[in-house]
**Q** 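Just passing along the structure, written as structure tokens.
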Amino acid sequence: MTADTFHLVVVSAGASDPSSTKMLADRAAQRVTSLARERGHDVRVSVIEIRELLPELPQALSSQFMGPKFRAAIDTLVDADGIIAAAPVYKAGASAAFTGFLQVLDNDLLIGKPVILAATAGTARHALVVDEEMRSLFAYLRTLPVPTGLFAAPEDFSSTALTARISRAAQELVLLMESGFARAVRGDTWGAYQHEYGSAGGTELGIDLSSDLMRLATGGSHRADQG
Amino acid sequence: MQFGIMSVSDITRDPVNDYTPSEAERIRDLVRIAKKTEEVGLDVVAVGEHHNPPFFSSSPTTLLSSIAAQTETLTVTTSTTLITTNDPVRLAEEYAMLQHLSGGRMDLMLGRGNTAPVYPWFGQDIRQGLPLALEAYNLLHRLWREDVVDWEGSFRTPLQGFTSTPRPLDDVAPFVWHGSIRTPEIAEQAAYYGNGFFANHIFWPKEHTKRMVQFYRQRFEHYGHGTAKQAIVGLGGQTFIGKTSQEAKDRFRPYFDNAPVYGHGPSLEDFSSMTPLAVGSVQEVIDKIMTFREYVGDYQRQLFLIDHAGLPTDMVLEQLDLLGGEVVPVLRKELESRRDPEVASNPPSHADLVRAKYGDAEPRQPRPNANRGDNVTGASPYQDSEGAEAVYPTL
């Protein structure tokens with residue numbers, strides 16, 4: 001695999017198979033893949049179907065106890081260069097399965113990664129869920145959602161406007177992946193973010209022995225002025 | 001190698017008989033369980049500390065001194081003592097007292113406690129839990145080793161010329177374990193002082209335990225207390241033993257399914273495959289426990305959680321018979337035969353610590369100086385303390 005191979009991870013919370021949510025995510029993934037290939041990059045696509053993780057979600061929510069499928073999903077996300085995150089809208093919000101999955105991930109798992117946000121709903125009245133709800137969740141996770149959010153009500157699936165928006169979002173994602181932003185942030189400035197031992201999906205195993213707390217652990221004071 | 005039990009002191013409804021024991025019953029029964037632990041040939045009883053229902057163990061030293069008084073060989077300890085919400089001065093005093101009354105058959109394990117509301121009840125803030133724990137132990141460590149302590153920190157009133165009484169038995173501080181699941185600072189503190197490190201090893205996949213123990217071992221060596229493999233490690237664990245694999249699962253399942261913390265979540269089978277929980281026949285339980293040393297190295301203490309989740313006392317006593325009669329003798333033999341000859345079998349006992357400090361000489365027995373009757377200690381509280389004894393004018 002060359003440095004120019006992008007790992008694109010599709011996270012879909014579609015409830016049925018096939019679901020309109022997954023179909024929207026797939027169209028975005030196809031567009032990202034073809035655009036990236038046109039620009040000389042190879043793309044490897046992984047899909048996380050949250051529906052398949054649901055049996056493990058209650059214990060993950062209640063006690064951070066991750067089952068084997070959850071672990072595999074997390075390992076996939078750690079390695080992602082770009083993400084397409086798609087949710088159905090239920091009761092005026094992104095589905096509980098979708099938000100539940102994201103809420104149990106380590107805060108630092110997705111730092112800096114570019115994301116296309118996508119949602120589907122039964123009517124156009126839910127169009128702002130992407131920008132008002134999902135975008136803030138991904139901001140909390142310190143990801144980089146692309147400027148164009150994707151939303152599709154049933155009538156959008158046959159409109160050329162949706163296709164155009166998908167292309168725009170895909171272009172934005174490819175440019176962000178090309179920029180190497182996520183890799184740079186996770187390399188050079190990783191230490192500037194808050195981590196816990198074993199966070200970032202079990203990959204964050206660095207221990208700073210010169211921290212204030214470590215000084216306190218070894219009999220000193222954690223107030224720098226007192227050595 | 002030491003084997004024993006650890007209790008969190010929960011008073012949980014028995015989901016099979018729909019019976020909730022009273023506080024009085026559970027307190028009385030834990031003493032029975034402790035005595036039985038000694039009777040079946042195990043070495044250690046540990047009790048947790050909580051300050052809210054449905055738990056009863058708010059005052060561990062009172063309970064442990066009663067247990068020590070009713071046993072001959074058992075080591076009493078804690079799982080854990082809250083180093084955050086307890087004043088380290090009170091811990092120094094209470095556990096030194098327990099050390100005297102138990103004849104040195106005690107140690108203690110420090111933990112932070114994860115029940116957020118407990119912190120404000122004792123004037124603390126859980127967000128400061130880690131610095132609080134680290135600072136409090138630094139003070140506790142000195143209170144047991146220095147007759148007179150001047151101290152100032154962030155979380156407690158400063159001390160000037162303070163002497164914690166009684167001085168530890170034979171003037172040798174009790175052995176301390178630091179318990180943590182994933183906090184390197186706690187492992188670092190254990191390593192820095194050459195204390196023991198204890199991994200809860202119950203709710204979490206073994207990778208957590210493996211990483212923390214490895215880090216602790218490296219740092220133990222770094223601070224010159226011995227080689228990494230000689231660091232002093234204890235593990236928790238949870239077992240339920242049956243005549244057959246199926247019998248164990250059938251009898252334990254209702255308790256597992258309704259247990260506090262992990263109940264109503266993963267299945268017994270999933271939890272068993274992903275955590276150190278061992279439910280099965282004698283041989284299956286032995287086999288699983290034998291795998292622990294493969295990822296933590298040779299270790300010194302293994303504690304089992306068995307009086308938990310509403311298990312009736314009779315069943316707990318029966319589990320102790322199986323543990324002491326059939327499981328632990330095999331584990332002792334097998335683990336000792338595999339043990340690196342340079343690694344101690346047991347954590348340091350009081351006798352070991354006395355020998356390390358004094359060799360063949362007589363241990364120090366502090367005798368206070370007289371004071372003027374104002375009950376305030378002077379600069380040299382003990383007859384053999386360094387510095388001049390205060391001389392008061394004759395009136």
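First the proteins, then the strands, lettered A, B, ... as listed; each starts at 1.
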**Q** Working to the nearest 0.5 angstrom, can you tell me the gap between B:L134 CG and A:R215 CZ?
**A**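 Rounded to the nearest 0.5 Å, the CG-CZ separation comes out at 12.0 Å.
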**Q** Of the backbone (N, CA, C, O) and the side chain (C-beta and beyond), which part of B:T275 lies under 4.5 Å from a heavy atom of chain A, both, or neither?
**A**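 For B:T275, the side chain is the part near chain A, not the backbone.
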**Q** Check whether more than 12 heavy atoms from other residues, nucleotides or ligands sit under 6.0 Å from atom CZ of B:R145, and answer yes or no.
**A** yes
**Q** Counting only heavy atoms from other residues, nucleotides and ligands, does the tally under 6.0 Å from NZ of B:K210 exceed 12?
**A** no
**Q** Any chance NZ of B:K249 has more than 12 other-residue heavy atoms, nucleotides or ligands included, within less than 6.0 Å?
**A** yes
**Q** Taking only heavy atoms into account, what residues of residues 191-208 of chain A are found under 4.5 Å from chain B?
**A**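 Result: A:E196, A:Y197, A:G198, A:S199, A:G202, A:L205, A:I207.
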**Q** Would you say the side chain of B:H264 lies within less than 4.5 Å of the side chain of A:P58, judging by non-hydrogen atoms?
**A** no
**Q** Hey, which of B:M212, B:E188, B:R211 has the most heavy atom pairs under 4.5 Å with chain A?
**A**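 Of the candidates given, the most pairs with chain A belong to B:R211.
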**Q** Would A:T218 and B:Y223 count as a side-chain contact (heavy atoms from CB on, under 4.5 Å) if you check the C-alpha gap in whole Å, the side-chain angles of each, and the deciding distance to 0.1 Å?
**A** CA-CA 10 Å; A:T218 52; B:Y223 287 113; 3.2 Å; yes
**Q** Within a 6.0 Å radius of atom CG on B:N114, are there more than 12 heavy atoms belonging to other residues, nucleotides or ligands?
**A**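 No, not enclosed.
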**Q** Testing the basics here: between B:Y192 and A:A217, what is the closest heavy-atom pair and its distance to 0.1 Å?
**A** CD2-O, 4.1 Å
**Q** Could you tell me which portion of B:F215 (side chain, backbone, both or neither) has an atom closer than 4.5 angstrom to a non-hydrogen atom of chain A?
**A**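 B:F215 touches chain A through side-chain heavy atoms alone.
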**Q** Against chain B, label A:L209 side chain, backbone, both or neither, depending on which of its atoms sit under 4.5 Å from a heavy atom there.
**A**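 Contact with chain B: side chain only.
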**Q** Check B:P131 against A:L216 and note the closest heavy-atom contact, atom names and distance.
**A**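 In this case the closest contact between B:P131 and A:L216 is O-CD2, 3.3 Å.
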**Q** Heavy-atom distance under 4.5 Å to chain A: side chain of B:R219, backbone, both or neither?
**A**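 For B:R219, side-chain heavy atoms alone lie under 4.5 Å from chain A.
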**Q** Nearest 0.5 Å, please: how far is CZ in A:R71 from CD in B:E207?
**A** 8.0 Å
